[in-house]
Trainee: 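Mind looking over this structure? Questions follow.
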Amino acid sequence: MAKVVVVTSGKGGVGKTTSTAALGAALAQSGKRVAVVDFDVGLRNLDLVMGAERRVVFDLINVTQGVANLSQALIRDKRIDSLFLLPASQTRDKDALSEEGVAKVIAELREKFDYVLCDSPAGIERGAQLAMRFADEAVIVTNPEVSSVRDSDRIIGLLDSRTLRAEKGESLAKHVLITRYDAARAARGEMLTIDDVLDILSTPLLGIIPENEGVLRSSNVGSPVTLNEPNNVAARAYIEAARRLQGEDVPLVLPAERKGFLDRLFGRRAA
Amino acid sequence: MSLLDIFKRRGSAPVARERLQVLLAYERSNRQRPDLVAVLREEIMAVIAKHVTVDQDDVQITMERGETMSTLEIDININIPNAAAA
């Protein structure tokens, strides 16, 4: 049975697209058939992060409007053949996306894939609501920072009221994914701690992704970090988060402050 | 981490720059005339439809945009019963 997972946050720039790509790739690397769907109509970026920007022919709206069928619009990843991307439209505006159209596409994706990851646009408007509408589970990407936590709380409220599952009185599993976590700053008391965030949001934790330069390097070259640098700490955190998403019980270790050789030698502090 | 990775890592920002240049050049040139692929596809399909019936499922379109050259690949499965019978 396919699982539809929305990757959402409310706030922009917290790492939804990066996390969608990394989690999607990690699930596909473990043998699942995965579709990642970009819902950010007008401002698509998942294609760029996945390295498929030169291969986009059709998009989500083309499929909802019947201009193209789903198999024509899905772009197969060149590295993992069980990973597919359904890009958002770059030219049309968000109103071109209808609930009926999205329902049809999601239903069709459910038949073909084990996991359908919906990359939500920022905000709480129509685009974000359509991205979450048909979800079975939600990954709420949060930075340990006040405005991000506040926006996550609003999104949790929407997940509990505006999704189809919520309206039918069914449960929708929610998970918090903390990204850009800087252990050194948390240790110095400059950043909300994991416990603070979980306390406030009272939602279970899917994983903690440490702030790491490998994530930027991977976006630069257009490859999910779990594929590009699988041994990187952030990649490993995403791979573990993907295993938890599949229901595995993977113990969570708080990322320690990692010091490189030079840092130790000169006692340089992390920025 | 292999030695190769160390060299590869050095190059990520120039790669990003090059990818963006190619992508933005394409997007800017298409802002006035969106969906060139859709137009091409429609017209090519119309020509083919004059002669044979083609189902949408029998058409696969792939594209690869490059810096100096792009390729548009249209793969159509055409069923010609007359030819088969002949």
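Below, each value reflects all heavy atoms present in this structure, side chains not excepted, and no hydrogens, waters or symmetry copies. Chain naming here is simple, since letters A, B, ... match the order of the sequence lines and numbering starts at 1 in each.
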Trainee: Let me know if B:L72 has heavy atoms under 4.5 Å from chain A in its side chain, its backbone, both or neither.
Mentor: neither
Trainee: Applying the side-chain contact (heavy atoms from CB on, under 4.5 Å) criterion to A:D47, which one of A:Q90, A:R55, A:E53 satisfies it?
Mentor: A:E53
Trainee: Between B:E43 and B:K50, is the closest basic N to carboxylate O distance under 4.0 Å?
Mentor: no
Trainee: Could you tell me which portion of B:V59 (side chain, backbone, both or neither) has an atom closer than 4.5 angstrom to a non-hydrogen atom of chain A?
Mentor: both
Trainee: Determine whether A:T64 and A:L97 make a side-chain contact, defined as any pair of heavy atoms from C-beta on separated by less than 4.5 Å.
Mentor: yes
Trainee: What part of A:A73 gets within 4.5 angstrom of chain B, counting heavy atoms only: side chain, backbone, both, or neither?
Mentor: neither
Trainee: For A:S219, is it the side chain, the backbone, both, or neither that has a heavy atom closer than 4.5 Å to a heavy atom of chain B?
Mentor: backbone
Trainee: Is A:R54 salt-bridged to B:E64, going by a charged N under 4.0 Å from an acidic O?
Mentor: no
Trainee: Could you tell me whether the side chain of B:T71 and the main chain of B:R65 form a donor-acceptor pair under 3.5 Å?
Mentor: no
Trainee: Quick check on A:I75 against chain B: is it the side chain, the backbone, both or neither that has a heavy atom closer than 4.5 Å?
Mentor: neither
Trainee: Is B:I61 close to chain A through its backbone or its side chain, or both, or neither, when contacts mean heavy atoms under 4.5 Å?
Mentor: both
